[in-house]
Participant: 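My questions all concern the structure below.
In what follows, every chain begins at residue 1, and chains take the letters A, B, ... in the order their sequences are listed.
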Protein chains: 2
Amino acid sequence: MSNRKSSPKKKQRVTINDVARAAGVSNATVSRVLSEYEFVKESTRNRVMEAVERLGYVPNLQARSLASGHSQIIGLLVPNLDNSYIGTITQGIDQELAHSNYDVMLYTSHRHPGKESYYVDAFANGLTEGLLLIAPLVPAAYLDTLRAQNIPYILIDQADAAESSNVVEATNWQGAYEATRYLCELGHTRIAFITGWLGVQSAIDRLEGYKAALTDGAIPIREELVIQGDYQQQTGYEITQKLLQSVDPPPTAIFASNDLSAFGAMDAAREAGLAIPDDLSILGFDDIPQASFVYPKLTTVRQPLELMGQVAVKMLLEQIEDRSLPPQRVALATQLVIRDSCRRIDPTE
Amino acid sequence: MSNRKSSPKKKQRVTINDVARAAGVSNATVSRVLSEYEFVKESTRNRVMEAVERLGYVPNLQARSLASGHSQIIGLLVPNLDNSYIGTITQGIDQELAHSNYDVMLYTSHRHPGKESYYVDAFANGLTEGLLLIAPLVPAAYLDTLRAQNIPYILIDQADAAESSNVVEATNWQGAYEATRYLCELGHTRIAFITGWLGVQSAIDRLEGYKAALTDGAIPIREELVIQGDYQQQTGYEITQKLLQSVDPPPTAIFASNDLSAFGAMDAAREAGLAIPDDLSILGFDDIPQASFVYPKLTTVRQPLELMGQVAVKMLLEQIEDRSLPPQRVALATQLVIRDSCRRIDPTE
DNA sequence: GCGTTTTTTGCAAGCGCTTACAATAGCGAT
DNA sequence: ATCGCTATTGTAAGCGCTTGCAAAAAACGC
């Protein structure tokens with residue numbers, strides 16, 4: 001404390017100029033070496049690299065992006081992170097991004113609508129070059145902002161009614177349709193459906209797929225068997241409890257709009273003393289990692305979550321490259337994964 | 001395409017100078033208004049704010065941080081995101097951060113050791129002002145880098161052997177000890193233990209707690225009942241399968257080092273035809289949301305995951321404020337949450 | 001009304017890096 | 001040796017914002 005002069009408080013960051021001086025070149029040359037500019041003499045390049053190495057120089061990202069206009073950062077807006085659904089998509093995103101030199105800025109909206117648009121405003125400050133929105137609430141308001149600012153963005157697993165966004169989703173309708181048909185073919189006629197949170201298009205599509213399949217199977221749609229859920233395990237549990245008590249005759253199968261809800265349904269069924277699949281068949285949607293570890297292993301509709309993340313990144317990077325690209329929509333194929341939670345039902349039952 | 005002159009390709013970003021001009025002041029004044037500098041005349045402030053509003057001005061973050069030296073960004077390094085353990089901690093982090101004006105940069109290491117240190121190098125470029133490391137692999141190498149660069153960082157749920165880091169963890173030893181004692185008190189003497197990934201301290205602490213409790217309960221530690229796992233559900237499943245086949249007499253209880261492993265154990269047990277808790281008691285660690293939704297509800301040791309995230313953020317922000325603060329270690333209390341997966345065992349069995 | 005203070009502003013110098021544009025160097029051809 | 005090119009490097013003007021310093025205004029004291 002006595003002589004503060006002797007302790008230089010300055011953060012002695014190594015800058016490009018230090019490197020330039022050390023290598024006996026101008027900072028422009030250092031910059032060129034670092035950005036792999038082609039016309040740099042071999043010997044100069046080596047000299048610079050040696051200096052970089054020796055001084056432990058690391059470029060300052062903000063300076064770089066201020067000067068170049070590119071931040072090499074993309075934003076990722078997620079509703080929350082406490083389930084593996086989002087996590088798996090993120091895994092795919094991250095994986096794809098690993099090949100590029102983009103970093104990701106994470107924003108979570110905790111399903112608080114107000115916050116999402118707040119964040120999107122924040123994105124507009126130019127920090128991020130593009131945006132990945134996983135199952136966003138899409139109150140249109142902020143998509144307008146995004147478009148106005150001409151910021152590339154991709155909607156993952158949530159179509160935009162306006163049709164003017166880039167979206168990566170799964171074939172939700174078909175997935176639900178096939179799954180329901182499967183249940184029909186197994187002999188089920190009383191098939192309950194736990195919807196997802198109907199604020200998102202994917203949930204609606206799944207519901208429609210379910211209905212269409214019943215109709216095609218000449219099974220009347222009974223409204224008391226279609227219950228509105230919200231993709232949460234707890235809700236699936238509660239709904240199923242109620243369902244099993246109040247509907248008579250009870251359903252012989254429950255198709256849940258996502259695996260988490262299906263897990264909830266399994267728990268409720270077991271608690272009610274029903275064996276799965278003997279007394280009740282259960283079918284999920286997503287195929288998160290857990291689906292194959294629960295007992296019995298869950299039959300479910302696989303969404304290629306990781307792939308969705310990867311594809312979204314690819315699309316986003318393309319859009320960043322060329323802002324004039326027209327909006328694309330990609331629907332990746334779902335696939336029915338038959339495991340142990342559904343069984344053929346005897347028509348006489 | 002014909003006359004490209006008419007289309008100004010320039011990204012017409014609104015800058016602080018535009019606002020200054022519009023409000024008839026200098027950019028310095030605008031900057032002061034925006035940073036809530038106290039000595040600005042009320043009328044000027046209003047004029048500026050009005051201009052900001054009207055032009056839809058949003059400050060450029062990189063310019064701001066280049067000039068000020070503060071990026072207001074913290075880095076978050078996670079091993080992966082596909083389980084709710086990390087997600088829940090992140091939730092806490094995010095929640096606490098919402099009160100501040102920091103954003104978070106996300107890095108995932110996918111448990112690939114090489115990558116972690118790669119990232120940490122990247123952090124050194126000054127983009128982030130501090131780092132939160134969730135259950136990192138800690139190959140010491142990059143902690144050295146961090147310390148050398150004097151970048152504040154907090155280790156979450158992973159102590160640093162060197163004792164010189166800030167860490168937020170749970171009372172792992174005590175948690176495991178209490179849980180094991182509980183099992184003993186229930187009459188169990190053949191208690192198997194599925195360890196976590198022993199590369200992290202927390203896993204070791206839990207193992208030690210388990211051993212200590214057995215010793216205190218005068219129960220000999222049988223090595224064949226202690227199996228090395230890695231915190232994954234699948235591994236828990238496989239281990240339990242083997243355990244049930246090969247050990248004779250079989251354990252009457254299994255204590256898994258985390259809930260995921262416990263879920264795996266439950267599945268394996270059920271598959272082997274054992275009822276839980278009647279034929280086998282199972283106890284977990286973490287208390288992730290799912291723990292109370294599986295059937296039977298899992299008895300487990302709660303780690304205050306969200307709180308850990310929040311505390312970590314608080315500590316980090318303090319460290320950023322004042323770099324000279326000495327390293328702190330906080331161990332948050334765990335708590336045994338008794339639910340339905342363990343039962344008292346008849347001594348005559 | 002004048003010298004002092006205290007507020008409010010503007011000026012201008014960067015922050016560390018990129019990138020036209022210009023200058024220099026190197027080289028074979030003439 | 002000179003010219004014409006091309007390869008290589010340097011110069012310098014920013015990118016958009018913050019901030020120390022100083023000037024200008026307003027407020028105060030007598």
Participant: Quick one: B/Asn27 CG to D/dG16 P, roughly how many Å, whole number?
Facilitator: 12 Å
Participant: For C/dG10, take OP1 and OP2 only and decide whether either is under 4.0 Å from a side-chain N or O of B/Thr29.
Facilitator: yes
Participant: Could you report the tightest heavy-atom contact between A/Ile151 and A/Arg323, atom names first, then the distance?
Facilitator: CA-NH1, 4.4 Å
Participant: Determine: side-chain N/O of B/Thr44 to OP1/OP2 of C/dT8, distance under 4.0 Å, yes or no.
Facilitator: no
Participant: Side chain of A/Ala63: nearest nucleotide among C/dG16, C/dT18, C/dG10?
Facilitator: C/dG16
Participant: Figure out the CD/C1' separation between A/Gln72 and C/dT18, and round it to whole Å.
Facilitator: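 Atom CD in A/Gln72 sits about 13 Å away from atom C1' in C/dT18.
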Participant: Nearest heavy atom decides the nucleotide; on that basis, is B/Ala28 or A/Arg45 closer to the 5' end of DNA chain D?
Facilitator: A/Arg45
Participant: Is the phosphate of C/dG10 approached by B/Ser26 (side-chain N or O, under 4.0 Å from OP1 or OP2)?
Facilitator: yes
Participant: Between B/Leu66 and A/Ser35, which has a closest nucleotide on DNA chain C that is more 5'?
Facilitator: B/Leu66
Participant: Provide the closest heavy-atom pair for A/Val14 versus A/Tyr57 in the form atom of the first, atom of the second, distance.
Facilitator: O-CD1, 3.4 Å
Participant: Send over the distance from B/Arg47 CZ to C/dT9 C1', rounded to a whole Å.
Facilitator: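 After rounding, the gap between these two atoms is 11 Å.
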Participant: Can you tell me which nucleotide in C/dT9, C/dC17, C/dT18 comes closest to the side chain of A/Ser68?
Facilitator: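 My answer, after comparing the listed nucleotides, is C/dT18.
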Participant: Are side-chain heavy atoms of B/Leu97 and B/Ile74 found at a separation under 4.5 Å?
Facilitator: yes
Participant: Could you report the tightest heavy-atom contact between A/Ser165 and A/Arg329, atom names first, then the distance?
Facilitator: O-NE, 4.2 Å
Participant: From CG of B/Leu34 over to P of D/dT18, roughly how many Å is that when rounded to an integer?
Facilitator: 7 Å
Participant: With a 4.0 Å cut-off on heavy atoms, is B/Ser31 in touch with a base, just the backbone sugar-phosphate, or nothing at all?
Facilitator: base
Participant: Measure the distance from CG on B/Leu61 to P on D/dC15 and round it to the nearest whole Å.
Facilitator: 18 Å
Participant: Starting at OH of A/Tyr57 and ending at P of C/dG16, how long is that distance when rounded to a whole Å?
Facilitator: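 Value for this atom pair: 10 Å.
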Participant: Measure the CG-CD distance between A/Asp94 and A/Glu306 for me, rounded to the nearest 0.5 Å.
Facilitator: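 It comes to 10.0 Å.
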Participant: How close or far is atom P of D/dG10 from atom CZ of A/Arg21, stated in whole angstroms?
Facilitator: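 Roughly 14 Å, once rounded to whole Å.
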Participant: In whole angstrom, what separates A/Arg64's CZ from C/dT19's C1'?
Facilitator: 13 Å
Participant: Give one of base, sugar-phosphate or nothing for B/Val25, where a contact means two heavy atoms less than 4.0 Å apart.
Facilitator: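 Sugar-phosphate contact only.
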Participant: Scan B/Thr15 against the nucleic acid and name what it touches under 4.0 Å (heavy atoms): base, sugar-phosphate only, or nothing.
Facilitator: sugar-phosphate
Participant: Counting heavy atoms from C-beta on, name the nucleotide in D/dT19, D/dT9, D/dG16 closest to the side chain of B/Arg32.
Facilitator: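 Ranking D/dT19, D/dT9, D/dG16 by closest atom to the B/Arg32 side chain puts D/dT19 first.
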